[in-house]
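Comments concern the structure below.
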Amino acid sequence: MNLEELFNQHKEQSIQGRYLTLDHIQPLLDKLNTNNQIKIIGKSVLDKPIYSYEIGTGKTRIYLWSQMHGNESTTTKALFDFINVLNSGSDFAKKMLETFTFYAIPILNPDGAALYTRENANKIDLNRDSQNLTQPESNVLREAFETFKPHYCFNLHDQRTIFGAGETGKPATVSFLAPSYNEERDVNDNRLKAINLIAGLNDVLQQYIPGQVGRFDDSFNINCIGDTFQFLGVPTILFEAGHFPSDYQREITRKFIFFSLISSFKLLSENDLVDNRINDYLNISQNKAVFYDFMYKNIKINYDGIEIITNFVAQYKEELIENEIQFNAYIVEVGELENYFGHFEYDGQGASYSDDNTNFPKLNQKADFYLNKNVKFVNGLAKS
């Protein structure tokens with residue numbers, strides 16, 4: 001199977017970028033609703049509809065949800081790309097629909113999606129509300145779980161650009177987790193199913209992004225939805241869409257999430273999973289917070305009247321301005337920053353720092369400055 005070709009054929013062209021709301025996907029839902037597959041299964045805090053999409057007649061039930069965190073939209077894009085494959089009429093699609101019944105919630109948190117926030121409108125992180133169930137969105141997710149009775153859960157998220165695959169200097173472009181079901185992080189049959197599937201997905205992705213697959217921390221937190229569903233006996237796989245070099249709109253990462261979805265169901269349908277791949281799973285590099293968006297090395301700064309050579313870093317803030325996400329770079333740290341990396345790195349070779357106000361890179365100010373008065377940086381990047 002040529003995954004690149006499949007993606008190019010079925011990529012949903014009407015949605016792109018980081019800002020993805022109910023308004024953006026409503027035309028897609030209308031188009032997909034040919035036979036009452038789309039249902040409103042609840043309402044958000046601000047009374048926006050939460051939609052489900054069900055397709056397939058197979059015995060194995062697959063539950064997928066995306067944008068539990070409103071500003072994590074990459075997996076939603078990939079989910080619609082995958083749905084396009086299921087509706088393509090191909091032999092592969094027919095096999096998928098005969099083998100599985102898919103139940104998807106494309107945007108669980110429509111209020112957070114509109115505001116481009118992690119939390120819902122009540123400023124609650126839904127992924128810490130799986131036990132108390134204080135929010136309407138949390139209850140929608142749980143009620144669908146109990147009604148649908150899935151055999152596998154796919155918990156679809158984005159992660160920040162700070163994460164690397166271990167300390168290799170490579171970004172964690174895609175990360176996975178088979179959540180723990182108890183404090184001891186034991187492995188039972190259900191967790192092992194998730195582990196084996198992730199090991200199979202890693203085999204696939206290493207062909208495309210070698211060294212850029214991460215393993216998320218498996219500390220147990222029963223308030224997290226993945227841990228809860230694993231505790232309730234359903235193999236659960238956490239997907240984290242991360243950074244690919246220069247891909248801040250996450251259109252390339254989107255492709256690798258699509259590859260992962262296709263490969264998941266290919267592996268499951270062919271029963272092509274080795275029984276025990278715990279060691280392979282544990283050998284996937286653990287996610288480490290080792291990256292900044294910008295790193296400036298060997299910069300001369302004036303520190304309390306003393307000139308020193310040091311490094312500093314800047315990080316993008318994603319700010320919703322006039323219905324578009326603006327990436328605005330701010331200085332966040334000054335120092336040696338050993339064992340850290342920048343997605344963009346600039347070696348100043350002793351050049352002097354200055355900006356319009358001072359000769360020192362102050363924390364939380366915009367990354368607009370000069371080196372040796374003649375190289376100008378605007379929003380983190382050098383201007384030629």
Side-chain angles (χ1 to χ4, degrees), residues 17-18 71 116 118 158-173 175 209-212 214 217 240-253 285-321 324-384:
R18 296 295 290 278
N71 59 355
Y116 200 70
R118 178 181 172 90
D158 274 63
Q159 65 183 7
R160 295 167 62 198
T161 60
I162 61 174
F163 290 110
E167 296 171 349
T168 63
K170 290 189 174 184
T173 300
S175 295
I209 44 172
Q212 290 173 232
D217 175 59
E240 293 279 355
H243 185 69
F244 185 88
S246 300
D247 179 38
Y248 282 92
Q249 297 302 328
R250 298 212 167 156
E251 290 298 305
I252 298 173
T253 299
S285 297
Q286 182 143 8
N287 265 22
K288 292 272 180 75
V290 293
F291 268 97
Y292 292 94
D293 291 316
F294 301 93
M295 177 172 275
Y296 310 97
K297 297 180 174 180
N298 303 310
I299 309 297
K300 185 187 292 182
I301 62 172
N302 192 315
Y303 186 73
D304 284 345
I306 302 168
E307 285 190 337
I308 61 171
I309 304 288
T310 191
N311 308 317
F312 69 96
V313 288
Q315 192 73 13
Y316 278 133
K317 282 186 183 175
E318 298 165 25
E319 298 175 326
L320 179 62
I321 300 169
E324 286 191 10
I325 304 305
Q326 307 284 338
F327 289 85
N328 293 317
Y330 295 86
I331 295 167
V332 292
E333 196 79 47
V334 180
E336 289 307 304
L337 296 158
E338 195 176 349
N339 299 322
Y340 284 91
F341 307 94
H343 293 301
F344 168 90
E345 293 191 357
Y346 187 94
D347 190 341
Q349 299 178 327
S352 296
Y353 173 95
S354 64
D355 57 42
D356 290 338
N357 303 306
T358 180
N359 293 320
F360 186 85
K362 289 185 178 176
L363 303 190
N364 300 317
Q365 74 180 19
K366 283 291 295 287
D368 299 336
F369 58 91
Y370 300 89
L371 293 181
N372 280 351
K373 303 287 187 185
N374 60 0
V375 181
K376 185 179 184 181
F377 286 76
V378 177
N379 201 30
L381 292 168
K383 293 294 179 184
S384 53

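In this structure, CD in Glu336 is found 11.0 Å from NZ in Lys297, a value given to the nearest 0.5 Å. Considering CD of Glu319 and CD of Gln326, their distance stands at 8.5 Å, rounded to 0.5 Å. Taking CD1 from Ile299 and CG from Leu371, the interatomic distance works out to 4.5 Å, rounded to the nearest 0.5 Å. One finds the CD1 atom of Ile309 at 7.5 Å from the OG atom of Ser352 (value rounded to the nearest 0.5 Å). Taking NZ from Lys383 and NZ from Lys376, the interatomic distance works out to 9.0 Å, rounded to the nearest 0.5 Å. How far NE2 of His243 is from OG1 of Thr173: 7.5 Å, rounded to the nearest 0.5 Å.
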Would Leu363 and Val334 count as a side chain to side chain contact (heavy atoms under 4.5 Å, CB included) if you check the C-alpha gap in whole Å, the side-chain angles of each, and the deciding distance to 0.1 Å?
CA-CA 8 Å; Leu363 303 190; Val334 180; 4.2 Å; yes
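Looking at Tyr116 and Glu324, their side chains never come closer than 4.5 Å, going by heavy atoms from C-beta outward. Using a 4.5 Å heavy-atom cutoff, the side chains of Ile209 and Phe244 are in contact. Taking the side chain as every heavy atom from C-beta outward, Ile321 and Asn328 approach each other to under 4.5 Å. Tyr316 is not listed as a side-chain neighbour of Thr161, based on a closest heavy-atom distance of 4.5 Å or more. Residues Lys300 and Ile308 fail the side-chain proximity criterion, which asks for heavy atoms closer than 4.5 Å. When side chains are defined from C-beta on, Thr253 does not count as touching Asp158, because their heavy atoms never get closer than 4.5 Å. At a threshold of 4.5 Å between non-hydrogen side-chain atoms, the residues His343 and Pro245 do not count as touching.
Considering all non-hydrogen atoms of both residues, Ala314 and Ala367 come closest at CB-CB, 4.0 Å. For the residue pair Val290 and Gly166, the shortest heavy atom distance occurs at CG2-O, 3.7 Å. Nearest heavy atoms, Pro361 versus Ile301: CD-CG2, 3.7 Å.
In this structure, a donor-acceptor pair under 3.5 Å is absent between the side chains of Asn311 and Tyr340. In this structure, a donor-acceptor pair under 3.5 Å is absent between the side chains of Asn71 and Glu318. Side-chain atoms of Ser175 and Glu240 form no donor-acceptor pair, as typed in the model, at a separation below 3.5 Å. Defined by atom type and a distance below 3.5 Å, a donor-acceptor pair is missing between the side-chain atoms of Asn298 and Gln349.
Identified under the salt bridge (Lys or Arg N to Asp or Glu O under 4.0 Å) test for residues 354-374, with sequence neighbours left out: none.
No more than 12 heavy atoms of other residues, nucleotides or ligands sit less than 6.0 Å from atom OH of Tyr370. Counting non-hydrogen atoms of other residues, nucleotides and ligands closer than 6.0 Å to CZ of Arg118 gives a total above 12.
Of the possible donor and acceptor atoms, none in the side chain of Arg18 sits under 3.5 Å from a partner among the backbone N and O of Ile325. In this structure a side-chain-to-backbone donor-acceptor pair under 3.5 Å is present from Glu251 to Gly17. Under a 3.5 Å cut-off, the side chain of Asn372 and the backbone N or O of Gly348 do not form any donor-acceptor pair. For Asn359 (side chain) and Ser354 (main-chain N/O), no donor-acceptor pair under 3.5 Å exists by modelled atom type. Counting only distance, with no hydrogens or angles, the side chain of Asp247 and the backbone of Ile252 share a donor-acceptor pair below 3.5 Å.
Each of Tyr353, Tyr303, Phe369 was scored for a ring pair (Phe, Tyr, Trp, His ring centres under 6.0 Å) with Phe360, with one residue passing: Tyr303. Just one residue in the list Phe377, Phe312, Phe294, Tyr292 forms a ring pair (Phe, Tyr, Trp, His ring centres under 6.0 Å) with Tyr346, and that residue is Phe377.
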